[in-house]
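Taking it in order: structure first as structure tokens, then the write-up.
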There are 2 protein chains.
Amino acid sequence: MKTRILWLFFALLFATSAIAARAADPLPSWNDTASKRSIIAFVEKATTPGSPDYVPPAERIATFDNDGTLWSEQPMYFQIVFAIDRVKALASQHPEWKTQEPFASVLKGDLKTALKGGEKALLQIVMASHAGMTTTEFENIVKDWLSQARHPKTNRLYTEMVYQPMLELLTYLRSKFFKTYIVSGGGIEFMRPWTEAVYGIPPEQVVGSSIKTKFEMRDGKPVLVRLAELDFIDDKEGKPVGINAHIGRRPIAAFGNSDGDLQMLQWTMAGQGARFALLVHHTDGEREWAYDRDSHIGRLDKALDEAHAKDWTVVDMKKDWKQIYPDK
Amino acid sequence: MKTRILWLFFALLFATSAIAARAADPLPSWNDTASKRSIIAFVEKATTPGSPDYVPPAERIATFDNDGTLWSEQPMYFQIVFAIDRVKALASQHPEWKTQEPFASVLKGDLKTALKGGEKALLQIVMASHAGMTTTEFENIVKDWLSQARHPKTNRLYTEMVYQPMLELLTYLRSKFFKTYIVSGGGIEFMRPWTEAVYGIPPEQVVGSSIKTKFEMRDGKPVLVRLAELDFIDDKEGKPVGINAHIGRRPIAAFGNSDGDLQMLQWTMAGQGARFALLVHHTDGEREWAYDRDSHIGRLDKALDEAHAKDWTVVDMKKDWKQIYPDK
């Protein structure tokens, strides 16, 4: 009996100190490199009362790109996988798609041919899969897909392909009274159904690309119908525009991974006082993917040069991150 | 000496009980009528843990129209007064306006003739006064105007023509962990510079009409330039669209005063669980203005019928409010 109690005592002691160590380190999945140190140094100076760089809580806005910054984006944006799966699911209602491009090729599984039509083809696939239903119906379609679809390489659910170090960073910033936002080229209504559960980011803090919606009465009940018409592209020059439209304040910290995030980082850094810009550089071909200047997805070229020139933080995924995805 | 201490004692006692009475009544400028009781009954049932109508804090979204709901809107929307004042201020840079309508009439002080051109004329006045500068420049122009311009009837600053009972309502809702939003037909960038100081509503919780902006580099510094191009009209059917785009959640309570708010109230009431809709009816020709079905500003006709039919709360300004504007 005594041994048992002693054993329990040591187990408790061990657990307690493990918890204490975790509490002391807000970013346990980050190696102790310059990237991690730069994040902590910025947060400390912006949030310590009396610091010359102190920023009041209301102004602590942090914006995060999603694809390639908070979750993976290879071998193609996950929202494109969703669109393709939707085209396949809807094919029986559209017999004409059998002969009509880009749908015919999508249905044959030949994405390369399907996308030969460039932007126009992509837009046709997006509209066929994202428009024509109410906002509530679309929300359910997205939730349903995410609960089942799995990534071909990792066999994980897509929402399990978020970056553990970035989840810790989001939590750390919020513990210091930052308001964390997503500012993504992805669809705003594609992200909102799950960002709160996965990232702790509520729908009202998600900014993204959008199609138009229309208010309608159906059987005496008001609905919003999603129209096959682009409203806003939240990418490149669009990101500061989207930030201004939705938030109305300039962020003091911005996080991205590609040239599509460059203007968001420039806009953030051009403000007064404490500022922080970070790029996730995909350098880990083993645990994730390695790509930058020549990739057609998440190309990181001009933004990488500017980050080096202006001394922004560049995360080397392979060296800086102990772990990529959360434990399952 | 003793008398003095006794006097101080009674003064303190009086102050304390006054504070206690105020704390007990979250809406001291509201008379104890059905309107006030309906507000309190809704808030209690939505926020009392264990209540069958309990709503978790994250979902406690309340949306408020601005013109005629939070501040006055007569004899014309205050933003129109701003636009006219700007046209006058800019006239020396535009000699052509002397002969060009609608500007010529605006400069002569003949608004009736100026607005004979209808929507097109109004749009010309709005664009001449609201576009062509950076977002930061516009913010400063708005702040500057609001610090000086006074209402012709009350001689108050426009930001002093907000409704004291509604200020108390905003504070009351926030004390119960509601997130309070403005959803107004007015310009989003015209409201954001002052809503935090005046209503306690931060810029990221303001939804409104907008013109397009464009990201540009000027002398190596990024700016957002306001373009003379409409982006979004946040009125009538536009209000649920704007709510969905900005908030991504359906409100559980909505507050308006005109037919322009009807769809926002319908959209709010169509959700599940505890719901609340309120219209401010302008019935006080002495302390404010009296108008409804025949007014071209803030017309309240269809929405009033629907409110009566559906038992929404209709505030009778004259009977329900002890005080209109805050003490100066």
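Only heavy atoms go into these numbers, but all of them, side chains included; no hydrogens, no water, no symmetry mates.
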Write down the atom of G248(A), the atom of R192(B), and the distance for their closest heavy-atom approach. CA-NH1, 3.4 Å

By the definition salt bridge (Lys or Arg N to Asp or Glu O under 4.0 Å), identify the one residue from R60(A), R249(A), R250(A) that meets it with E204(B). R249(A)

Chain B-proximal positions within residues 236-246 of chain A [heavy-atom distance under 4.5 Å]: E237(A), P240(A), V241(A), N244(A), A245(A), H246(A)

Of the backbone (N, CA, C, O) and the side chain (C-beta and beyond), which part of Y181(A) lies under 4.5 Å from a heavy atom of chain B, both, or neither? side chain

Chain A contacts: which residues in residues 300-312 of chain B have a non-hydrogen atom closer than 4.5 Å to it? none

Does any backbone or side-chain atom of Q205(A) lie under 4.5 Å from a heavy atom of chain B? Answer side chain, backbone, both or neither. side chain

Which atoms of V206(B) are under 4.5 Å from chain A, going by heavy atoms: the side chain, the backbone, both sets, or neither? neither

Against chain B, label T135(A) side chain, backbone, both or neither, depending on which of its atoms sit under 4.5 Å from a heavy atom there. side chain

Tell me which of these, P202(B), P203(B), A58(B), G208(B), has more heavy-atom pairs under 4.5 Å with chain A than the rest. P203(B)

Part of M269(B) within contact of chain A (heavy atom distance under 4.5 Å): neither

I need the residue from I247(B), I61(B), V223(B), V207(B) with the largest number of non-hydrogen atom pairs under 4.5 Å to chain A. I247(B)

Given that the side chain runs from C-beta out, which part of E139(B) has a heavy atom under 4.5 Å from chain A: side chain, backbone, both or neither? neither

Side chain from CB out, backbone as N, CA, C, O: work out which of these in E216(B) comes under 4.5 Å of a heavy atom of chain A, or both, or neither. neither

Carefully, step by step, assess Q266(A) and K221(B) under the rule side chain to side chain contact (heavy atoms under 4.5 Å, CB included). CA-CA 8 Å; Q266(A) 289 171 332; K221(B) 276 204 79 168; over 6 Å; no

Would a 4.5 Å heavy-atom cut-off, applied to side chains only, mark W267(B) and L224(A) as touching? yes

Within the supplied structure, the quantity of interest is the number of heavy atoms (other residues, nucleotides, ligands) at a distance under 6.0 Å from F177(A) CZ; does it exceed 12? no

